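Keep in mind that this is a model prediction, so the values were computed, not measured. Computed over heavy atoms, backbone and side chain alike; hydrogens, waters and symmetry mates excluded. By convention in this document, chain letters (A, B, ...) are assigned in the order of the sequence lines, proteins followed by strands, and residues within each chain are numbered from 1.
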Amino acid sequence: MLRFMNTLGKCLEDFVPIAPPRVGLYTCGPTVYDHAHIGNFRTYVFEDLLRRYLEFRGYDVHHVMNITDVEDKTIARANAEGIPLHELTARYVEAFFEDIDALGILRAHQYPRATEHIPEMVEQIEKLIANGHAYAQDGSVFFRISTFPGYGRLSGMDMDGIQPGARVDCDEYEKEDVRDFALWKAPKTGEPVWQTRLGPGRPGWHIECSSMSMKYLGASFDIHTGGVDNIFPHHENEIAQAEGCTGAPFVRYWLHSEHLLVNQEKMSKSKQNFYTLRDLLARGYPARALRYALISVHYRKPLNLTMDALDAAAAAVERLADFHRRIVELPATAAAAAAGSNRVVDAVRQTEQDVTEALDEDLGVSTALGAVFDFVREMNRILDESGVSTEDRATVLGLWRKLDDIFGVFQPPVEELSSELLGLVRQREAARRDRRWKDADALRDTLLDAGVVLEDTPAGTRWKRRRAATTT
RNA sequence: GGCGGCAUAGCCAAGUGGUAAGGCAGAGGACUGCAAAUCCUUCAUCCUCGGUUCAAAUCCGAGUGCCGCCUCCA
């Protein structure tokens with residue numbers, strides 16, 4: 001039974017979709033004013049694992065991720081660069097897709113953008129005004145929190161405790177109550193303006209997610225996710241907006257991922273520990289190693305990213321790739337043997353069961369990966385001792401494909417070698433055959449300098465790309 | 001000040017009452033012409049101090065440290 005830690009209620013709950021096998025999944029996406037940083041991707045990778053695992057468990061997931069292309073930061077950045085908003089956001093939307101592709105994150109089924117859903121937001125705001133949950137003031141529209149008794153339930157915030165003055169800044173907008181939040185913002189110089197039935201202005205941030213999620217997933221849907229910092233106020237406000245509008249329960253399961261730390265500290269540009277994906281790729285870490293590092297820690301635990309940890313992740317991924325290559329390239333002679341057949345079948349079955357049990361429990365990914373590495377060791381033992389039959393190999397590769405569908409880090413990319421380098425490999429094989437060890441070793445060194453590592457096996461010499469040097 | 005998260009070997013990290021998964025790094029060994037890959041062996045008593053219990057990393061209390069939220073930061 002699949003279970004999730006639901007932020008709403010703070011306990012482990014059995015996962016029961018509203019209309020199985022369909023699952024509506026909404027994940028809070030990027031604000032496209034700059035490159036996303038590696039902490040953002042921690043969340044996106046978690047959401048990718050969630051989606052992939054739901055699919056593995058037979059659910060028909062409909063995944064929607066919003067793109068926030070109009071809010072304070074995007075406007076400020078576009079103004080600073082002196083370019084139109086859409087030009088700025090188009091640039092970073094493109095970068096975002098490049099990055100998630102590099103990390104092997106599956107594309108959502110839809111990426112609705114705020115600027116393309118102004119009418120839907122206006123309509124929702126009108127409903128909220130009509131039923132008394134919202135009020136217009138000085139050209140803006142605010143949500144009236146006092147009319148929504150459930151406010152604060154998701155975050156556990158006691159709204160009565162928040163009083164004007166102390167820590168709460170009254171912003172430039174006049175509101176009935178400082179706790180009220182903006183649904184629609186009156187026009188200001190230097191800001192984009194939409195002419196709507198509400199008057200001119202632009203949407204507040206929170207309204208886009210409730211409008212767009214309900215448009216594509218319905219008034220009530222299954223799962224909504226984001227980083228922990230979104231719990232309050234963003235998701236709290238979404239609930240108020242949605243339920244205040246429809247009267248129906250908005251979301252069944254709220255899942256939130258913890259933040260990523262760098263060297264046990266919060267990432268910040270001033271501490272010079274702020275990394276985008278591109279920064280880390282430029283340091284030579286393979287994208288798959290980064291994905292592994294981001295995925296291998298449970299999503300509700302802070303992830304402490306260090307360069308040592310990334311080196312370790314790169315090595316772990318290589319161990320998995322080495323195993324995959326070994327099983328794929330298994331020579332026919334060894335593949336004909338079948339002494340280990342029962343062990344293979346047992347190991348495959350046990351591994352699939354262990355991985356499923358672990359992930360069923362709120363995506364217990366560390367335990368699941370532990371089971372995978374146990375499997376790799378057992379299979380390597382079998383391969384050392386007896387080899388496997390062609391049939392068993394197919395069974396193993398079948399499991400491997402399933403695991404890769406879930407984790408997205410097990411199937412190594414196909415590597416190619418230039419004909420010159422391949423020629424050197426052949427020359428060295430000839431040298432070894434003639435026992436010209438010095439020549440053979442010199443050729444091996446040459447290839448190593450070219451980034452090619454050789455492995456001599458009873459069935460011949462294999463080559464692979466050297467793991468990128470990643471020091472400092 | 002209010003609310004919440006975390007603290008396990010050199011590093012990353014599982015485990016939430018019965019004598020510490022897994023990965024990386026290290027040490028020794030097997031295999032190898034030498035390597036690489038692989039396998040075997042080895043490497044912690046769980047932040048501190050109290051308490052509950054036959055039994056605690058795991059429950060309770062008090063500390064210490066780090067991180068986050070408290071109006072728009074994944």
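Nucleic acid contact class of A/Asp322 (heavy atoms, under 4.0 Å, all strands): sugar-phosphate only. Nucleic acid contact class of A/Asn304 (heavy atoms, under 4.0 Å, all strands): sugar-phosphate only. Here A/His259 lies in heavy-atom contact (under 4.0 Å) with a base. Within 4.0 Å (heavy atoms only), A/Leu454 reaches at least one base atom of the nucleic acid. A/Asn40 comes within 4.0 angstrom of a base, heavy atoms only. Here A/His37 lies in heavy-atom contact (under 4.0 Å) with a base. A/Gly226 comes within contact range of the sugar-phosphate backbone alone, with a heavy-atom separation under 4.0 Å but no base atom that close. Residue contacts for A/Leu260: at a heavy-atom cut-off of 4.0 Å it reaches a base atom on one of the strands shown.
Taking 4.0 Å as the cut-off between side-chain N and carboxylate O, A/Glu243 and A/Arg153 do not count as a salt-bridged pair. Ion pairing between a basic and an acidic side chain is recognised when a charged N comes within 4.0 Å of a carboxylate O; A/Arg202 and A/Asp72 show such pairing. Residues A/Asp346 and A/Arg349 are paired through a salt bridge, judged by an N-O separation under 4.0 Å between the basic side chain and the carboxylate. In this structure, A/Glu429 does not pair ionically with A/Arg432, as no charged nitrogen and carboxylate oxygen lie closer than 4.0 Å. Salt bridge A/Lys464/A/Glu415: absent, no basic N to carboxylate O contact under 4.0 Å. Between A/Arg377 and A/Asp374 a salt bridge is recorded (basic side-chain N to carboxylate O distance below 4.0 Å). Of the charged side-chain nitrogens involved, at least one lies within less than 4.0 Å of a carboxylate oxygen, so that A/Asp322 and A/Arg325 count as a salt-bridged pair.
The side chain of A/Lys266 approaches B/C69 more closely than any other nucleotide in the set B/G33, B/C11, B/C69. Closest to the A/Arg319 side chain, of the nucleotides B/C11, B/U71, B/C39, is B/C39. Checked against B/C70, B/C39, B/A36, the side chain of A/Pro233 finds its nearest nucleotide in B/C70. Picking from B/G33, B/A74, B/G5 the nucleotide with the shortest atom distance to the side chain of A/Pro302 gives B/G5. Checking B/G33, B/A74, B/G68 against every side-chain atom of A/Val228, the shortest atom distance belongs to B/G68. Here B/G23 is the nucleotide among B/A35, B/G23, B/C12 with the atom lying nearest to any side-chain atom of A/Arg377. When distances run from any side-chain atom of A/Glu455 to the nucleotides B/U71, B/A13, B/A36, the shortest one goes to B/A36. Of the candidate nucleotides B/U38, B/C66, B/G5, B/G5 has the atom lying nearest to any side-chain atom of A/Glu258.
Listed pair A/Lys301 / B/A7 meets the phosphate criterion, a side-chain N or O lying under 4.0 Å from OP1 or OP2. Distances shorter than 4.0 Å separate some side-chain N or O of A/Asn380 from OP1 or OP2 on B/C39. Phosphate proximity of B/C40 to A/Arg381: present, with a side-chain N or O under 4.0 Å from OP1 or OP2. Using a 4.0 Å cut-off, no side-chain N or O of A/Lys464 falls inside it from OP1 or OP2 of B/A36.
Atom name C1', nucleotides B/A56 and B/C47: the rounded distance is 16 Å, in whole Å. Distance check on atom P: B/G22 versus B/C43 gives 13 Å, rounded to whole Å. Straight-line distance between the C1' atoms of B/G51 and B/U42: roughly 37 Å, to the nearest whole Å. Between B/G23 and B/G65, the distance separating the two P atoms is 36 Å to the nearest Å.
Nearest-nucleotide positions on RNA chain B for A/Leu261 and A/Ala309 put A/Ala309 closer to the 5' end. Between A/Arg462 and A/Thr43, the residue anchored closer to the 5' end of RNA chain B is A/Arg462, taking for each the nucleotide with the nearest heavy atom.
For the residue pair A/Asp354 / A/Gln350, a side-chain donor-acceptor distance below 3.5 Å is found, with atom types taken as modelled.
When Watson-Crick and G-U wobble pairs are counted only if both distances are under 3.5 Å, B/U16 pairs with no nucleotide at all. Using N1 to N3 plus N6-O4 or O6-N4 for Watson-Crick, or N1-O2 and O6-N3 for G-U wobble, each under 3.5 Å, B/A30 pairs with B/U38. B/C66 and B/G5 make up a base pair, with Watson-Crick or G-U wobble contacts both under 3.5 Å. Pair assignment for B/U45 gives none, since no Watson-Crick or G-U wobble pairing has each distance under 3.5 Å. The partner of B/U71 is absent, by the rule that a Watson-Crick or G-U pair needs both atom distances under 3.5 Å.
Residue A/Arg444 places a side-chain atom within donor-acceptor reach of the base of B/A35, judged by atom type and a 3.5 Å distance cut-off alone. The base of B/G10 is not paired with the side chain of A/Asp308 by any donor and acceptor separated by under 3.5 Å.
For A/Phe410 and A/His324, the ring centers are positioned 6.0 Å apart or more. Taking the six-membered ring for Trp and the full ring otherwise, the centers of A/Tyr275 and A/Tyr285 sit at least 6.0 Å from each other.
Going from atom CG of A/Asp311 over to atom P of B/G26 covers 12 Å, rounded to whole Å. When the P atom of B/A74 is taken as reference, atom CD of A/Glu47 falls 11 Å away, rounded to whole Å. Residue A/His235 contributes atom NE2, which lies 20 Å from atom P of B/G4 at whole-angstrom precision. Taking atom CE of residue A/Met5 and atom C1' of nucleotide B/G5, one finds them 12 Å apart after rounding to whole Å. If you measure from atom OH of A/Tyr285 to atom P of B/C24, you get 16 Å, rounded to the nearest angstrom. Rounded to whole angstrom, the span from the NZ atom of A/Lys10 across to the P atom of B/C3 amounts to 11 Å.
Non-hydrogen atoms lying under 4.0 Å from RNA chain B are contributed by A/Arg428, A/Arg432, A/Trp437, all within residues 426-437 of chain A. The stretch residues 359-374 of chain A touches RNA chain B through A/Ser366, A/Thr367, A/Gly370, A/Phe373, A/Asp374, each having a heavy atom under 4.0 angstrom from the strand.
The shortest side-chain heavy-atom distance between A/Phe41 and A/Leu277 falls under the 4.5 Å cut-off.
Note on ring orientation: taking the six-membered ring where Trp is involved, the planes of A/Phe250 and A/Trp254 are tilted (angle from 30° to 60°). Between A/Phe97 and A/Tyr111, the two ring planes are perpendicular [angle over 60°; tilted spans 30° to 60°].
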